[in-house]
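Reminder, nothing fancy here: chain letters follow the sequence lines and each chain counts from 1. Reckoned from all heavy atoms, side chains included, excluding hydrogens, waters and symmetry mates.
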Amino acid sequence: MAQFWKPGTERPPLLDDDEGGILLYSASSSSSGYGYVSIEKQRQRLPVFKYRMAILYLVETHATTIVVGETGSGKTTQIPQFLKEAGWADGGRVIACTQPRRLAVQAVASRVSEEMGVKLGEEVGYTIRFEDLTDRVTQDSTRIKFLTDGVLLREMMEDPLLTKYSVIMVDEAHERSISTDVLLGLLKKIQRRRPELRLIISSATIEAKSMAAFFHTSKKRRGLEGEDCVPKTEPAILSVEGRGFNVQIFYVEEPVSDYIQAAVSTVMSIHDQEPMGDILVFLTGQDDIDAAVRLLTEEAQNNRKSSSGLVVLPLYSGLSRADQDLVFSPIPRGKRKVVISTNIAETSLTLEGVSYVVDSGFSKQRFYNPISDIENLVVAPISKASARQRAGRAGRVRPGKCYRLYSEEYFVKEMSAEGIPEMQRSNLVSCVIQGCSGALEGCLLNMEGILDIRVGRRDKLKALGIDNILGFDWPASPSPEAMIRALEVLYSLGVLDDDAKLTSPAGFQVAEIPLEPMVSKMILASNQLGCSEEIITIAAILSIQSIWISVRGQQKDLDEAKLRFAAAEGDHVSFLNVYKGFLRSGKSPKWCNKNFVNYQAMRKVVEIREQLKRIAQRIGIVLKSCESDMQVVRKAVTAGFFANACNLEAFSHNGMYKTIRSSQEVYIHPSSVLFRVNPKWVIYNSLVSTDRQYMRNVISINPSWLIEAAPHFYQHHHPNSIPH
DNA sequence: GAGCACTGC
């Protein structure tokens, strides 16, 4: 066997582009693609293949192995197969491999089943939310299972030690999504109880050392370590080269003041001076992208000679499926494709054939302020890791070039190495209910104390033992304020008790429903109020992006169509009207088009609704319709979303509201049916932050319902804000 | 009368 690395011997080198601007370069890898070679030959050509023995050795002897591998190394598809071939799935055990995204789970599972020559859903299977393609009923024959990290977290509710798995591989750990981080924190705990469990953490170049430090438990089992069956606690690190090509990096000499304009001129000069090859431009959002597309199209018209060969395409998640697919479709010979994209092209979508990348150095990022309890989306500088990932997009099929619209000095001296993990930028309500409640078990916690902390008595914090909870060992610790906020909301929802344990039955029921806790609580309340049919429809609609078709230039028509469904009570009730209309039409695509309703979205709503119905029935919710009594529907919404209650300012001429809990200034979004109606008391589903805070999906309520729904929450903090 | 990076259970 070729290369073989043991701890203590010289380590294979990690590649880095900090100095030379060389990325992912692998001289030995063949560039001819797969061609007509047999599957076995293809497998052997992957860079990871020559590390087969090394990987198996490390997994055998170490509790945790960290595999640092670039795109195209083959680690995701091959390592689970190596493990299976080496016997890790014998005796009914299962090898798990997690991914952050659903699409990746499906794609990888299908590839691996093909390579192994087995039917997907039997020996090789996958699970994503609402979709389980594993064999657990007839034969329990699934040996390799791909799943999203969120699904694995959910499995821990049933089986906290994940006993059926012999090896768990956490892929793309460098992305540091909330669920990956929660999973890593909990897996570390599981390891203590299950020394036979093996973890493989797979990551791009960054952070291998800090990840290793995280998994290096200080408790050493002296005398046992290194003996049969007991693995070393110190994680092994193995590096596998990728299959990418050399990407040459260029920087601007002086900082640019307008990155949109700079991106446009860079595209033009690439087009003038460089050989054929597609261009991928990274900007921040829809506004930027539409502006850049417009500018480039104008250039193409004014300056025929140099830019006539450009096909300019926008790419962001808000585009319809058909518009997104355009970027994958072939273009006429002799033309050059320019894709102007958000971060969606950084990880979620891969465009083959890109030779040039233009990187603005910015992206939109979410930040959470636990004091105001508001999440903001702001344009912020990207990290070095992100910049590298973007550059790598130019070297997938041949050597490429990356033009960074910032200076080399800025990259070297000022750009942070990694982004802030999502866990430190988010509202933690969902996260706490999913993973943390298990981890928090056994910690003493007095919620009254927590509420006092908000009012300013921080000295109580230590005495109450909250340190235990806040000090839980995450790969990235969230701020105490954010954690307290989340616990406070869950306590008010009646989901956690004074000891931060799930309440019975409400807490367990809420945890069982795979939706945000506030939505789940709304569903529970609908059971008592006799409107579960309606509320489940609302929950399904709220869980997809939008039910409307948005076509640029037809905004007015859409607004008019919306009016046909508008209900005085608010958006939630209007959604019910759309759903009823859709059913009455016989789920007709034609009806949808006529009414500016997105047919695909409505089919998804129907599907999710069916799944939610099944889950609801399983946890004892009786399906019942309230017919036309919308008051109970509004009460159920209040029971889940009381924390988002707002009051219209008494003398406001411009529709200014203030949130009850933190007196934040907020406005009804113009897309809401209650825009300009301005009822005195409303509850919103979410906030959008731009120059103002806009409430999206708003429903009017009676303030007395708030105290009814959440006596602790409102009587404790705001005794005077609500008329009795 | 205005505008939503990207995921996930």
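The side chain of A:R696 contributes no N or O atom lying less than 4.0 Å from OP1 or OP2 of B:dA2. For A:T342, a side-chain nitrogen or oxygen approaches OP1 or OP2 of B:dC6 to under 4.0 Å. An OP1 or OP2 oxygen of B:dC6 is reached within less than 4.0 angstrom by a side-chain nitrogen or oxygen of A:S317.
The nearest whole Å value for the distance from the CG atom in A:N678 to the C1' atom in B:dG1 is 12 Å. Between A:K521 atom NZ and B:dC9 atom C1' there is a gap of 20 Å when expressed in whole angstrom units. The nearest whole Å value for the distance from the CG atom in A:L283 to the P atom in B:dC6 is 13 Å. Note: CD (A:Q286) to C1' (B:dC6) measures 14 Å, nearest angstrom. In this structure, A:L103 atom CG and B:dC6 atom P are separated by 15 Å, rounded to whole Å. Separating the CE atom of A:M695 from the C1' atom of B:dG3 is a distance of 16 Å, rounded to the nearest angstrom. Protein atom CD of A:Q365 is 13 Å distant from nucleotide atom P of B:dC6, rounded to whole Å. Going from atom CZ of A:R676 over to atom C1' of B:dA2 covers 11 Å, rounded to whole Å.
Remark: A:K562 is not positioned above the aromatic ring of A:F596, lacking an NZ or CZ atom under 6.0 angstrom from the ring centre and at most 45 degrees off the axis.
In the set B:dG8, B:dT7, B:dG1, B:dG8 carries the atom at the smallest distance from any side-chain atom of A:T148. Nearest to the side chain of A:Y694, among B:dC9, B:dC6, B:dA2, sits B:dA2. Distances from the side chain of A:D559 to the nucleotides B:dG3, B:dC6, B:dG1 place B:dG1 closest. Distances from the side chain of A:F675 to the nucleotides B:dG1, B:dC9, B:dG3 place B:dG1 closest. Closest contact between the side chain of A:E422 and the listed nucleotides B:dA2, B:dC9, B:dT7 involves B:dT7.
A donor-acceptor pair shorter than 3.5 Å cannot be found between the side chains of A:D149 and A:T98. When only modelled atom types and interatomic distance are considered, A:Y165 and A:E155 share a side-chain donor-acceptor pair under 3.5 Å. In summary, the side chains of A:S532 and A:N527 do not present any donor paired with an acceptor at a separation below 3.5 Å, with no hydrogens or angles considered. Using a 3.5 Å distance cut-off with no hydrogens or angles, the side chains of A:R696 and A:S671 do not pair a donor with an acceptor.
Nucleic acid contact class of A:I513 (heavy atoms, under 4.0 Å, all strands): none. When heavy atoms are screened at a 4.0 angstrom cut-off, A:R692 is found touching no nucleic acid atom at all. When heavy atoms are screened at a 4.0 angstrom cut-off, A:R129 is found touching base atoms of the nucleic acid. Note on A:L377: a base of the nucleic acid sits closer than 4.0 angstrom, heavy atoms only.
Side chain A:D287 to base B:dA5: no donor-acceptor pair is found below 3.5 Å.
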Stepwise ring-ring contact (aromatic ring centres under 6.0 Å, His included) check, A:Y657 with A:Y667: CA-CA 6 Å; A:Y657 284 78; A:Y667 298 83; 8.2 Å; no
